[in-house]
Amino acid sequence: MLQGIHHAAIICSDYEKSKRFYTIILGLTVIAENYRAERNSYKLDLALPNGNQIELFSFPNNPPRPSYPEARGLRHLAFIVESINDFTLHLQHSGVEVEPIRTDEYTGKRYTFFSDPDGLPLELYEA
């Protein structure tokens with residue numbers, strides 16, 4: 001039986017820029033950072049407070065992935081926050097563009113979207 005999601009893997013175009021975004025701006029904790037010489041690639045394991053993880057990879061010459069709101073595949077990665085107002089302000093003060101806060105018509109919970117340095121759609125969902 002599935003027990004939860006262990007991690008999501010993200011491939012970035014600029015490792016240092018994305019590392020800063022996920023650690024400094026989003027506040028994820030570094031578990032391990034490894035350079036894999038045979039692949040000319042970094043693998044950065046990051047932890048969220050609840051134990052879930054994000055693996056951040058860099059690969060040379062990786063192709064861009066087209067992203068459309070309703071395209072097939074993974075649509076976005078959503079993070080739970082206690083206060084959407086506080087975290088939205090934090091992102092904006094860090095220079096991150098954030099969409100207007102909306103309310104989920106089915107749950108009544110508030111949410112918004114923003115993007116990582118490569119344009120990966122990320123969501124904040126208020127607990």
Looking only at heavy atoms, what is the nearest atom pair of [X] and [Y], with distance?
X: Ile84; Y: Glu126; value: N-OE2, 2.8 Å
X: Ala8; Y: Leu77; value: CB-CD1, 4.2 Å
X: Asp104; Y: Tyr111; value: N-CE2, 3.4 Å
X: Tyr42; Y: Ser58; value: N-OG, 2.9 Å
X: Ser115; Y: Pro121; value: OG-CA, 4.5 Å

### Query
Roughly how far apart are Leu28 CG and Gln53 CD, rounded to 0.5 Å?
10.5 Å
#### Entry: Side-chain heavy atoms of His90 within contact of Ile25, under 4.5 Å
yes
### Message
Could you see if Val98 belongs to whatever hydrophobic cluster contains Phe79? Use Ile, Leu, Val, Met, Phe, Trp, Tyr and a side-chain cutoff under 4.5 Å.
### Response
yes
### Message
Tell me if the CZ atom of Arg20 is crowded by more than 12 foreign heavy atoms within 6.0 Å.
### Response
no
### Message
Under 3.5 Å, is there a donor on one side chain and an acceptor on the other for Tyr22 and Asp116?
### Response
yes
### Message
Assess, by modelled atom type and distance only, whether the side chains of Tyr125 and Thr107 contain a donor and an acceptor separated by less than 3.5 Å.
### Response
yes
#### Entry: Main-chain N/O of Gly108 paired with Thr103 side-chain donor or acceptor, under 3.5 Å
no
## Note on the structure
salt bridge (Lys or Arg N to Asp or Glu O under 4.0 Å) filter on Lys43, not counting sequence neighbours, yields Asp45, Glu55
